[in-house]
Amino acid sequence: EYTHARTDLKGDERTSLVTELTPKTEYSLTVYAIYPGLIGDSATIITQTPPVPPVSNFRVMEEGLFSLRLAWTPPLGKLEGYKIFIPRSDRPGLTYEQVLRGDTSSHVIDSLEEDKKYTVSIFAIYPQGPSQPVSIVGKTLKLVPVQQLLVQNATTDTVQARWGSVKGATGYRLTWSSSDGHRENVNLGETFNFYMIQGLHPGTEYAITINPIFVDIEGPVTSTPAKTLESSAVQTLKASAVSTNSAMVSWNSVPGATGYRLAWGPTPEFVGRDRPRQLALNGSTTEHLLKNVVHDTEYVLSLYVLFGSLVGPGVSATFRTSPLGYVSNFQVTSYTSSSIDVEWSPVVGSTEYKLTWNIGTVSQYLDRSVLFHRIEGLNPETVYIVSIHAVYGNTEGPEISLSQLTASVTESELIQAVKEVKVVDVGVNSFILTWRRTPGVTGYKISWSPFHGGDEKSQLVSSSTTSFTIPKLQESSAYKIQVASMVGGREGSPFLVTARTLDLPKVNGFAALDTTDSSTSLNWISVAGASGYLLSWRHISELDTKKEKLGPSATMFKLSDLLYGRTYIFTIRPVYGEVEGPITSFHHRIGKA
């Protein structure tokens, strides 16, 4: 069937757009020259219209066990829709066909067979007709098992399971069962490839199985055996003989252990002061000297028991290295109009001392055996600030300073300095000082301030007094204390000592008694002076912590609704008014022994 069409053009036109043609059709185009009353010669060409654009970038986005998710890039032009289909492989006809709207760019074909290749075709539908079909080959997934299931890091009550991901799986079912018939399982999401199984019995063999899940279809099972350790973790881990740069770490021996892994590093509060380190020790070792640790830094120790290639349970403890020692008993023993004599007590571990005076402009280094020095060439009636540091190799310890007014040239009566100042009793919030009576004085001035800076307080006492209690101090804090003789309104050279208040008492005897399959009773020894207790507990693998505030008379608290076979961490701290004391904690597994 042939169609004819004609259009008239003006004499000055050189181009014309012919529309409403049929795609992929051959046309004969003829142009005639028209003159007044005459039709001239003609020129003819034969051409073919192109086909309508097909779908581009047709692809399989996701392969399922029984489905294929397809996507494509829509072609330009006005579309009425798409037709997507799968032809039969063994006879004429279609396995699947579906007509889709023109605004669609993806489609899921389901109800397919597992582990089978399919040729899927699609063509765009235009008002002028369909485009050429585009085809791809997709293959549904095979119902396969997990290929790699590893069970490692067994402890007395836990094992860690790891496995390789299965393509297309929407989740996994992990199951563990013992020979006595006890069986548990957990359903995990598709992103899981690791799980710690808890609440197991020591020295028990378990069958660990896992199978992938494809929506509501379960895949084949993969199984492996595992056995928990019979021996317990290290029960006692402690640091002793702690100095500015070393500590002795010791622990109890674990029967059957082939070795230990000791790790140490700064706690979060002190991160950056030192780097984390670890080392492996043989099974006969029960102590190790840590060297080259950083002064005045809190460290966390972790000790793991090794059973061949297995890493057993771990235990942790903390310790804090001593600060660089400050010089104690730094005092002026005598002075004149041109000199000041100072002395001090030795500092363990120091290599020398740095003495500075005249507002830091003159310094002198003295051997560690020197405990006395005379500063000469001074001006009369001048206040000098004299400072001393203990030096540790290339590092200076904290500074201790005192001030002294040199005598006038004509001054004949000097104020005798206080002797033998001692801190004879240290409390949580107080110190008791004593000193030797100084003849010729009218009284004494006692001054104290926080060692690392803060307000100085002072108190005048009579000349007959030789002891004084400094009250209302902060617990666990270092202080500088000075005692000076007074004659009228004049103050003699102070005697400087340093001391640190005690820590707040912690709870002792904290333990779990009368444990059942779902409850336990926490017991402790009451702390004198405590106004109450703050108790908390949580599952060892969770962060959600439950808390309970108890009164000062409480020494027991019963917990119920706990999970059988699971390990919990229990902590308690005494409360002193608005101040919370140190933490005591332990972990305990729920279930009858």
Of all residues at least two apart in sequence or in a different chain, which pass the salt bridge (charged side-chain N to carboxylate O under 4.0 Å, His left out) check with Glu63?
Lys167

Lys10 meets the salt bridge (charged side-chain N to carboxylate O under 4.0 Å, His left out) criterion, sequence neighbours left out, with none

Tell me whether the count of non-hydrogen atoms from other residues, nucleotides or ligands lying under 6.0 Å of [atom1] in [X] goes above 12.
X: Leu289; atom1: CG; result: yes
X: Arg183; atom1: CZ; result: no
X: Arg88; atom1: CZ; result: yes
X: Arg69; atom1: CZ; result: no
X: Ile39; atom1: CD1; result: no
X: Asn57; atom1: CG; result: yes
X: Glu205; atom1: CD; result: no
X: Phe194; atom1: CZ; result: yes

Could you measure the distance from the [atom1] atom of [X] to the [atom2] atom of [Y]? Nearest 0.5 Å is fine.
X: Lys238; Y: Thr236; atom1: NZ; atom2: OG1; result: 7.5 Å
X: Ile583; Y: Leu534; atom1: CD1; atom2: CG; result: 8.5 Å
X: Leu324; Y: Asn245; atom1: CG; atom2: CG; result: 9.0 Å
X: Leu100; Y: Ile84; atom1: CG; atom2: CD1; result: 6.0 Å
X: Gln128; Y: Glu80; atom1: CD; atom2: CD; result: 8.5 Å
X: Ile125; Y: Leu79; atom1: CD1; atom2: CG; result: 9.0 Å

Chi angles and distances behind the side-chain hydrogen bond (donor to acceptor under 3.5 Å, both in side chains) call for Thr571, Ser585
CA-CA 4 Å; Thr571 65; Ser585 65; over 6 Å; no

Is any side-chain heavy atom of [X] closer than 4.5 Å to a side-chain heavy atom of [Y]?
X: Trp264; Y: Val293; result: yes
X: Gln98; Y: Lys83; result: no
X: Asp296; Y: Arg320; result: yes
X: Thr175; Y: Val221; result: no
X: Tyr96; Y: Leu112; result: no
X: Ile197; Y: Leu174; result: yes
X: Leu237; Y: Val249; result: yes
X: Val159; Y: Gln152; result: no

Test item: [X] side-chain N/O and [Y] main-chain N/O as donor-acceptor pair under 3.5 Å:
X: Gln147; Y: Pro145; value: yes
X: Arg589; Y: Gly199; value: yes
X: Thr222; Y: Val146; value: yes
X: Arg162; Y: Gln148; value: no
X: Tyr260; Y: Thr286; value: no
X: Thr170; Y: Val215; value: yes
X: Thr267; Y: Val300; value: no
X: Thr228; Y: His201; value: yes
X: Arg573; Y: Gly581; value: yes
X: Thr49; Y: Lys24; value: yes

With side chain to side chain contact (heavy atoms under 4.5 Å, CB included) as the criterion, how do Tyr299 and Val242 come out once you've worked through the C-alpha distance, each side chain's angles and the decisive distance to 0.1 Å?
CA-CA 11 Å; Tyr299 285 83; Val242 179; over 6 Å; no

Of the non-hydrogen atoms in [X] and [Y], which two are nearest, and what is the gap between them?
X: Tyr126; Y: Lys78; value: CD2-O, 3.2 Å
X: Ser178; Y: Thr204; value: CB-CG2, 4.1 Å
X: Tyr82; Y: Thr104; value: CE1-O, 3.3 Å
X: His288; Y: Trp251; value: N-CZ3, 4.0 Å
X: Val108; Y: Ser67; value: CG1-CB, 4.3 Å
X: Thr140; Y: Tyr118; value: CG2-CE1, 4.2 Å

Tell me, with the steps shown, if Phe586 and Ile572 meet side chain to side chain contact (heavy atoms under 4.5 Å, CB included).
CA-CA 9 Å; Phe586 70 94; Ile572 191 171; over 6 Å; no

Going by the ring-ring contact (aromatic ring centres under 6.0 Å, His included) test, which pairs reach into residues 134-187, not counting sequence neighbours?
Trp163-Tyr172

Audit row: His588, Thr515, side-chain hydrogen bond (donor to acceptor under 3.5 Å, both in side chains) steps and yes/no:
CA-CA 10 Å; His588 182 66; Thr515 300; 2.9 Å; yes

Given Leu290 and Phe319, is the side chain to side chain contact (heavy atoms under 4.5 Å, CB included) satisfied, shown in steps?
CA-CA 12 Å; Leu290 298 182; Phe319 72 93; 4.1 Å; yes

Between Phe510 and Phe570, does the ring centroid distance fall short of 6.0 Å?
no

Glu548 and Lys546: CA distance, side-chain angles, deciding distance, side chain to side chain contact (heavy atoms under 4.5 Å, CB included) verdict:
CA-CA 7 Å; Glu548 187 75 27; Lys546 297 180 180 180; over 6 Å; no

Go through the steps for Ser135 and Ser121 under the test side-chain hydrogen bond (donor to acceptor under 3.5 Å, both in side chains), then give the verdict.
CA-CA 4 Å; Ser135 299; Ser121 302; 2.6 Å; yes

Quick one: sort the Tyr568 and His539 rings into parallel, tilted or perpendicular, breaks at 30° and 60°.
perpendicular

